[in-house]
Amino acid sequence: MALLTLGINHKTAPVEIRERVAFTPERMGEAFSELRAASGATEAAILSTCNRTELYLAGDDDCAPMVLRWLAGFHDLDAGDLEQVVYIHRDSDAVRHMMRVAAGLDSMVLGEPQIFGQLKDAYSLAREHNAVGKFLCRMFEHTFSVAKRIRTHTAIGENPVSVAYASVNMAHHIFSDLSRNKALLVGAGQTIELVARHLSEAGVKDFVVANRTLERAQNLAQAHGGKGILLSEIPDHLADVDIVISSTASPLPILGKGAVERALKKRKHRPYFMVDIAVPRDIEPEVGALADVYLYTVDDLRQVIEENLRSRQGAAREAENLVTSGVQDFLDQLRALDAVSTLKVFRQRAEVLRDAETEKALKALRNGSDPETVLRAMARGLTNKLLHQPSVQVRKAMAEGRSEVTECLRELYQLDTLDADQPTTTEKL
């Protein structure tokens, strides 16, 4: 069983492509069904965030081309164009990649913790659709264990640096005193919760939270003394806010150029600071061309984020060492599993031979044969049958020059420890 990871992320593809390859929750069931049918993979999981879309698979060694063609077809993309931005990791490299992702080592924000929860959600969703089996389940569970160890034993998560933090940090470039500004947050997920917390800590006291579900918007807004509204109410509040930060899972833009233009007429050249963290994007790109609008996407946050990462570099090196040992531990587990299945078959075959010789001996005893003669014949017959096939294969291997087979045999049966003068029975095998 081969392990495979195929995906794109913020390092290989711009947001214009990432948003087209993102999976919406509504199509996940369809995706799992089609992916396994089209690729030959027996197990599959899908991670889709604003910065990456990755497929984790267990199946045939050569399924990568089929997976790529399916991914392109599912999103109506050209497979050749998609091939230019995807990366493929196999077996131990696939395990290493997943562990680095879970630990935040492959994130735009080094060590950011949100990806760990997103990966756990991806695993849970795959299990809900019965898309994962023993290989990917073990891979995910071991990955989570390694990621937790990294969080516990390194400083990779200290000095909060995230897309949410970077968004608020960048707002200071537009507004010197955030306590005088009002914020509109679109969405009510974990990222927006972090944005709300960072804005509150930066001094913002006036919040409006817009969400598809009013109750979730109200719960988040009230935690920071704000007001919750529905997405449809955004145009009514847009002219009154200065900061707009959006992160939803909507497949289509929520805030269009026309709505912003109408709001700008009421604002009398007061600037807007907008950050679109979502992939696909929530704010139409054309909004960024309007006067007095400073619109940023997740890719634009890169420079701000990089300036805040230096303190985590040493911790990252420690984390990489833990990932390396974690990969080795997982591969050892897989090899142990393979040994168990092989030993099970080996034992079953020996038991079949034993039962056959036992039945033959019992039949001879029932017919009145001498017990000592029967026992000796049974022992001789069982020995010959157990050793016949291995002996044939050893002779064949030696004839082909594969001396490692005899070395393995000597190790398995510890033949080097036998006394050379010990008398042995010379049976023709």
Side-chain angles (χ1 to χ4, degrees), residues 7-24 47-54 75 77 81-82 85 104 106-110 112 114-115 118 161-175 181 183-196 198-199 210-211 231 234 238 241-261 263-264 271-309:
I8 67 170
N9 64 17
H10 59 283
K11 299 176 184 176
T12 67
V15 66
E16 291 82 6
I17 294 179
R18 298 202 308 275
E19 65 184 359
R20 295 187 64 188
V21 183
F23 287 86
T24 60
L47 172 67
S48 187
T49 74
C50 61
N51 280 330
R52 70 181 65 243
T53 292
E54 295 184 342
H75 293 291
L77 296 169
D81 293 339
L82 190 57
V85 295
D106 195 58
S107 297
M108 178 185 292
V109 181
L110 179 64
E112 59 93 3
Q114 285 75 36
I115 188 62
Q118 291 167 333
V161 182
S162 64
V163 171
Y165 181 85
S167 299
V168 176
N169 185 285
M170 187 174 282
H172 283 288
H173 295 286
I174 310 299
F175 306 112
N181 301 112
L184 167 64
L185 307 183
V186 185
Q190 190 176 40
T191 299
I192 289 297
E193 288 182 15
L194 283 172
V195 169
H198 289 312
L199 281 173
N211 191 53
L231 295 178
I234 289 177
L238 194 56
V241 302
D242 309 299
I243 299 168
V244 179
I245 301 179
S246 185
S247 178
T248 76
S250 173
L252 297 173
I254 290 173
L255 187 58
K257 181 181 178 183
V260 178
E261 283 179 321
L264 281 170
Y272 269 128
F273 170 72
M274 297 184 177
V275 180
D276 188 352
I277 304 175
V279 176
R281 283 174 285 186
D282 286 338
I283 303 174
E284 288 184 348
E286 292 79 7
V287 170
L290 296 174
D292 300 315
V293 175
Y294 299 87
L295 173 62
Y296 301 90
T297 68
V298 287
D299 288 353
D300 297 319
L301 300 177
R302 190 185 303 272
Q303 183 177 355
V304 176
I305 289 167
E306 289 175 351
E307 292 174 357
N308 293 285
L309 294 181

Heavy-atom side-chain proximity of [X] to [Y] below 4.5 angstrom:
X: D282; Y: P253; value: no
X: Q114; Y: V163; value: no
X: S167; Y: L301; value: yes
X: N169; Y: H173; value: yes
X: V287; Y: L255; value: no
X: T248; Y: I254; value: yes
X: V186; Y: I192; value: no
X: M274; Y: V293; value: yes

Look up atom [atom1] in [X] and atom [atom2] in [Y], then write down how far apart they are to the nearest 0.5 Å.
X: L185; Y: N211; atom1: CG; atom2: CG; result: 11.0 Å
X: S107; Y: N9; atom1: OG; atom2: CG; result: 9.0 Å
X: L194; Y: S247; atom1: CG; atom2: OG; result: 10.0 Å

If I compare all heavy atoms of [X] with all of [Y], which pair ends up nearest, and what's the gap?
X: A164; Y: V195; answer: CB-CG2, 3.5 Å
X: V298; Y: C50; answer: CG1-SG, 4.4 Å
X: A22; Y: T53; answer: CA-OG1, 3.8 Å
X: R52; Y: H10; answer: NH2-CE1, 4.0 Å
X: P251; Y: P280; answer: O-CB, 4.1 Å
X: L295; Y: D300; answer: O-OD2, 4.2 Å

>> Could you go through K11 and N51, starting from their C-alpha distance and side-chain angles, then the distance that decides it, and tell me whether this counts as side chain to side chain contact (heavy atoms under 4.5 Å, CB included)?
In response: CA-CA 9 Å; K11 299 176 184 176; N51 280 330; over 6 Å; no

>> Tell me whether the rings of F273 and Y296 are parallel (<30°), tilted (30 to 60°) or perpendicular (>60°).
In response: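 Taking Y296 first and then F273, their aromatic rings sit tilted (interplane angle of 30° to 60°).
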
> For H75 and F23, what are the C-alpha separation, side-chain angles and deciding distance, and is it a side chain to side chain contact (heavy atoms under 4.5 Å, CB included)?
Replying inline: CA-CA 9 Å; H75 293 291; F23 287 86; 3.4 Å; yes

> Is it the case that more than 12 heavy atoms not belonging to F175 sit under 6.0 Å from its CZ atom?
Replying inline: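 Yes.
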
> Under the side chain to side chain contact (heavy atoms under 4.5 Å, CB included) criterion, do V275 and V244 qualify, and how do the steps go?
Replying inline: CA-CA 6 Å; V275 180; V244 179; over 6 Å; no

> Salt bridge between R281 and E19, side-chain N to carboxylate O under 4.0 Å?
Replying inline: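 So R281 pairs with E19 through a salt bridge.
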
>> What I want to find out is whether D299 reaches R18 closely enough, with some N-O distance under 4.0 Å, to be called a salt bridge.
In response: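 Here D299 pairs with R18 in a salt bridge, since their nearest N and O are under 4.0 Å apart.
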
> After noting the C-alpha distance and the side-chain angles of T49 and Q118, does the key distance pass the side-chain hydrogen bond (donor to acceptor under 3.5 Å, both in side chains) rule?
Replying inline: CA-CA 8 Å; T49 74; Q118 291 167 333; 4.6 Å; no

>> Any side-chain to backbone donor/acceptor pair from H198 onto V168? Under 3.5 Å, distance only.
In response: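 No, the answer is negative, given that no donor and acceptor are paired below the 3.5 Å cut-off.
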
> For G104, does its backbone N or O pair with a side-chain atom of E112 as donor and acceptor, under 3.5 Å?
Replying inline: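 Here the side-chain-to-backbone pair does not exist.
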
>> Y272 vs L264, test: side chain to side chain contact (heavy atoms under 4.5 Å, CB included). Steps then yes/no.
In response: CA-CA 9 Å; Y272 269 128; L264 281 170; 3.7 Å; yes

